[in-house]
Amino acid sequence: MNLEFNLNLFESVIMSTNPFDKPLEKAFSLGTEFLNDLDTQPVGARLSYEELKSLWSWDLPEKGMPAEEVIEELNESAIPGLNLNQSGRFFAWVIGGSHPSAIAADWLTSVWDQNAGLYACTPSSGIVEEIAGSWLKQLLKLPPQASFAFVTGCQMANFTCLNVARNYLFDQAGWDVEVEGFYGAPRIRIICGDHKHNTITRALRMLGFGRNVMVELPSDKDGKLHVDEVRKEFERDHVTPTMVILQAGEIHTGAFDDFKSIIPLAHAHNAWVHIDGAFGLWAAASPKYTHLLEGAEDADSWATDGHKWLNVPYDSGYAFIAHPAAHFKTFTSQAGYLKEDGKARDEYNWTPELSRRARGYTTFAVIKELGSTGIEDLVERCCRHATAIVEGAGQLPHVEILAYPIINQGILRFRNPSAGEDESKHDQFTEHVIAAINASGEAFFQPSTFKGKRCMRVSVSGWRTNEDDVRRTIAAIGEAICDVSRR
Ligand SMILES: *Cc1c(COP(=O)(O)O)cnc(C)c1O
């Protein structure tokens, strides 16, 4: 009795003085409640912009409040404005939902609160990136000697790779861009396709390249570069230092450029070849799809995402570079040193940031949770479900399949039965059907424009999607078409 009393006293003194317990317990119970409700809640956000603005209409607080109450209020206000991309029926953009181990590792990453810019700040956080980086190269079938960087997403991975490419090409041309900058620098040409992702253009802009140095070649019906167009461009000008930017996974069709033809051609002209493979690079994890990446391992740099197909929480992207010395030289701030001390890796020498989140833990956790066979299965499952939705919906009246999935992306268009050849009416009908699907709460899609036509992207990128989700989604598409046709 006495002992019990003392224990209680001990607990209440210790526990009540720890300011983290209540907010973390609150976050845990609200978080698990959110995850448990995914299958029964509408997939799209429930409130409009105006409604959310009025919900969030607080003035700057003068007095504080207990942390757990902040968490409770935050949760209550945020939930109605969240799209449930964790759900198995979310098919917009290329957004999946995180795996259990990754969410838990992310929570711990926050609890540990490490600054992963320097090894000395957080030894384990540096070590885990070394291990996870090496695992990623194995999964993605990239050269083992390639260097890597954990960045916030594929936008920054593209930026990181293209920054190294730029400096490398200037170096080859005898121009020291680190000393002279751009003034008087030799011209660099950039060859890319008209279906490159907009983050490529943005990365190039941030790197000081204007649009006039970009040679944007027309792509084929799936959004791939024509090898002959690339060859002709090199024949037209075979002296200007060049970057060739290729794509693994066009966002509408999932198409892959012809790496095994274009890369040797580009290398014969001393060009740097970069591959934007935000999600498509993950095809390498499956023997069924790896042929799409034939020759890709010979590129000079590769960018991909963790937060898309690997399903780790945001922010997570990876850059890989076949020229580690050029990579290090671009980002190190110990100018003049081309080698680290040979032991520990300081992440700031490989990324554009200094202080940064310890991004390795979530990636490590997912790879451990799934193993390479689990990742192979994730990739194949998403591809199978994307095909099932596109083909299943394709059987419904008024549906036109614009692109069958090559991997996990396909596109549908909805045709207004009374519009004949008027494409603008089909555009409008397509938008209305997508809005009706989203309003039903059963599934969530986004419209896009492909080769001048409005369409609905079917992007299956999350681990939770299963056969039942596919069935519910096709039914919801069918109902939305009926609804809109009746109007
Ligand atoms: C999503 C995407 C990007 C940008 O990635 P973020 O993670 O959003 O920065 C770049 N390229 C392609 C092909 C993409 O699909």
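Please read these numbers as outputs of a predicted model, since none were measured by experiment. In each ligand, atom 1 is the first atom listed, and ligand 1 is the first ligand listed. Values below: every heavy atom of this structure, side chains too, minus hydrogens, waters and symmetry copies.
- Using a 3.5 Å distance cut-off with no hydrogens or angles, the side chains of Ser261 and Asp258 do pair a donor with an acceptor.
- Nearest heavy-atom pair, Glu297 versus Pro143, reported as atom, atom and distance to 0.1 Å: O-CG, 3.6 Å.
- For atom 5 (O) of ligand 1, the closest non-hydrogen atom on the protein side is Cys154 CB, 3.1 Å.
- Given atom 9 (O) of ligand 1, the protein heavy atom at minimum distance is Gln155 N, 2.7 Å.
- Near Thr199, with a cut-off below 4.0 Å to any heavy atom, the atoms of ligand 1 are 3 (C), 4 (C), 10 (C), 11 (N).
- Just one residue in the list Glu250, Glu216, Gln247 forms a side-chain hydrogen bond (donor to acceptor under 3.5 Å, both in side chains) with Lys196, and that residue is Glu216.
- At a 4.0 Å heavy-atom cut-off, ligand 1 does not touch Glu250 at all.
- Side chains of Ser316 and His307: a donor-acceptor N/O pair is absent below 3.5 angstrom, by distance only.
- Distances between N or O atoms of Asp276 and those of ligand 1 include at least one value under 3.5 Å.
- Note: no N/O pair closer than 3.5 Å links Gln247 and ligand 1 by distance alone.
- Side-chain contact annotation: Arg89 with Thr473, donor-acceptor N/O pair under 3.5 Å absent.
- Numbered from 1 in the order shown, with element, the atoms of ligand 1 that lie under 4.0 Å from a heavy atom of Ala278 read 2 (C), 3 (C), 10 (C), 11 (N), 12 (C), 13 (C), 14 (C), 15 (O).
- Closest approach of Ala386 and Gln409 over heavy atoms only: CB-N, 4.4 Å.
- Under a cut-off of 6.0 angstrom, the local environment of NZ in Lys451 is crowded, with over 12 non-hydrogen atoms contributed by other residues, nucleotides or ligands.
- Among all non-hydrogen protein atoms, the one lying nearest atom 2 (C) of ligand 1 is Lys308 NZ, 2.3 Å.
- At a 4.0 Å heavy-atom cut-off, ligand 1 does not touch Trp93 at all.
- Of the residues listed (Arg231, His226, Lys232), the one engaging Asp228 in a side-chain hydrogen bond (donor to acceptor under 3.5 Å, both in side chains) is Arg231, and it is the only one.
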message: Apply salt bridge (Lys or Arg N to Asp or Glu O under 4.0 Å) to residues Glu50 and Lys53 and explain how you reach the verdict.
response: CA-CA 5 Å; Glu50 289 73 23; Lys53 285 294 275 190; over 6 Å; no

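- Remark: ligand 1 atoms within the under-4.0 Å shell around heavy atoms of Ile251 are 15 (O).
- Not a single heavy atom of Met156 sits under 4.0 Å from any atom of ligand 1.
- Against a heavy-atom cut-off of under 4.0 Å, Phe279 is close to the following atoms of ligand 1: 15 (O).
- For ligand 1 and Asp305, the ligand atoms under 4.0 Å from any heavy atom of the residue are 5 (O), 6 (P), 7 (O).
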